[in-house]
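Comments concern the structure below.
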Amino acid sequence: MADLAAVHLVGESIVALLRARRSLLADAGQLGIVPATQDIAHVPVAKLVSTTPPTAGLSLTCYHIARSDHAQSVAPGRPAEAIGISLELHYLLACWSGTAADELALMSWAMLELNRYPVLARSQLLGDG
């Protein structure tokens with residue numbers, strides 16, 4: 001069962017996946033028009049609505065957390081403190097750049113990568129929570 005830090009670590013794990021994939025593709029010369037130097041960051045909602053929102057890069061923001069309809073099965077006799085809830089995390093992916101071409105290239109690439117890797121393996125999750 002995950003702990004409370006796990007919700008934050010899911011976003012960090014998605015960012016780590018995107019950074020690693022971009023590095024691999026850049027090293028192989030397969031990145032094309034996708035900007036290789038713009039930051040990919042996990043940012044809070046407050047940063048997006050602040051007076052100084054991001055100006056460059058790709059941001060991932062968890063904007064909604066809900067109880068999942070796909071609940072875990074609970075074994076009889078399991079201690080109450082060991083029972084958790086299944087959550088659905090909704091993310092906003094936003095791109096910030098000086099040119100529309102860079103924004104759209106980075107955003108399109110990120111969406112393709114997330115479609116290509118829709119499930120994070122346990123080994124891809126950061127932290128131990």
Side-chain angles (χ1 to χ4, degrees):
M1 182 173 73
D3 63 19
L4 295 176
V7 173
H8 171 71
L9 290 172
V10 169
E12 291 293 318
S13 299
I14 294 169
V15 166
L17 169 76
L18 290 172
R19 286 177 179 162
R21 289 289 303 153
R22 185 175 64 180
S23 290
L24 285 171
L25 293 171
D27 291 346
Q30 299 175 344
L31 206 50
I33 63 169
V34 177
T37 59
Q38 291 196 10
D39 190 30
I40 300 174
H42 185 207
V43 300
V45 172
K47 179 68 174 172
L48 299 181
V49 298
S50 73
T51 56
T52 56
T55 57
L58 185 72
S59 64
L60 181 78
T61 303
C62 185
Y63 69 91
H64 182 78
I65 300 174
R67 187 177 191 140
S68 176
D69 291 335
H70 307 285
Q72 296 174 308
S73 58
V74 179
R78 191 170 175 193
E81 62 273 0
I83 299 172
I85 60 172
S86 296
L87 298 176
E88 289 184 10
L89 307 176
H90 297 233
Y91 287 94
L92 172 67
L93 192 60
C95 201
W96 315 86
S97 180
T99 68
D102 282 352
E103 273 186 7
L104 295 174
L106 189 55
M107 179 70 83
S108 299
W109 168 82
M111 292 183 73
L112 283 169
E113 289 298 316
L114 293 173
N115 186 62
R116 193 171 287 136
Y117 300 97
V119 177
L120 293 174
R122 185 176 294 265
S123 63
Q124 292 172 301
L125 295 171
L126 300 178
D128 56 359

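Please read these numbers as outputs of a predicted model, since none were measured by experiment. Just so you know, these numbers use all the heavy atoms, side chains as well, and skip hydrogens, waters and symmetry mates.
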Flag the pair I33 / W109 as yes when at least one side-chain heavy-atom distance between them is below 4.5 Å, and no otherwise.
-> no
By side-chain hydrogen bond (donor to acceptor under 3.5 Å, both in side chains) - contacts of T61 (at least two apart) = none
Any idea which heavy atoms bring A41 and D39 closest together, and the distance?
-> CB-OD2, 3.6 Å
ring-ring contact (aromatic ring centres under 6.0 Å, His included) contacts touching residues 25-68 (sequence neighbours left out) | H8-H42, H64-H90
For the hydrophobic clusters of this structure (ILVMFWY residues joined by side-chain heavy atoms under 4.5 Å, transitively), does one cluster hold both M107 and L25?
-> yes
Donor-acceptor pair, side chain of R19 and main chain of I40, under 3.5 angstrom = yes
Which pair of heavy atoms, one from T52 and one from K47, lies closest together, and at what distance?
-> O-NZ, 3.2 Å
Output yes when a side-chain donor or acceptor of Q38 lies under 3.5 Å from a complementary backbone atom of P35, and no otherwise.
-> no
At their closest point, which heavy atom of V7 faces which heavy atom of Y91, and how far apart are they?
-> O-OH, 3.9 Å
Side chains of L87 and S68: closer than 4.5 Å at any heavy-atom pair?
-> no
Mind listing the closest non-hydrogen atom pair of V34 and A105 along with its distance?
-> CG2-O, 3.9 Å
Rounded to the nearest 0.5 Å, what's the gap from CG on L120 to OG on S13? Could you check?
-> 6.0 Å
Approximate separation, where rounding is to 0.5 Å, of I14 CD1 and E12 CD = 10.0 Å
Verify side-chain contact (heavy atoms from CB on, under 4.5 Å) between L17 and E113, making sure each step is shown before the conclusion.
-> CA-CA 9 Å; L17 169 76; E113 289 298 316; over 6 Å; no
Same apolar cluster (I L V M F W Y, side chains within < 4.5 Å links), V49/L93 | no
Student check: side-chain heavy atoms of S97 and L106 closer than 4.5 Å = no
Spell out, yes or no, whether L89 and L114 are grouped together once hydrophobic residues are joined by side-chain heavy atoms under 4.5 Å, including indirect joins.
-> yes
Check whether any side-chain heavy atom of L60 lies under 4.5 Å from a side-chain heavy atom of L58, and answer yes or no.
-> no
Please report the closest heavy-atom contact between D102 and C95, naming both atoms and the distance.
-> O-SG, 4.5 Å
Here the pair of heavy atoms bringing L48 nearest to S59 is CD2-OG, 4.0 Å
Would you sort out whether R116 and R21 count as a side-chain contact (heavy atoms from CB on, under 4.5 Å), showing the intermediate values?
-> CA-CA 11 Å; R116 193 171 287 136; R21 289 289 303 153; 4.1 Å; yes
Do L24 and L31 share a hydrophobic cluster (ILVMFWY, side-chain heavy atoms under 4.5 Å, transitive)?
-> no
Going through the checks in order, is the side-chain contact (heavy atoms from CB on, under 4.5 Å) test met by L92 and V45?
-> CA-CA 9 Å; L92 172 67; V45 172; over 6 Å; no
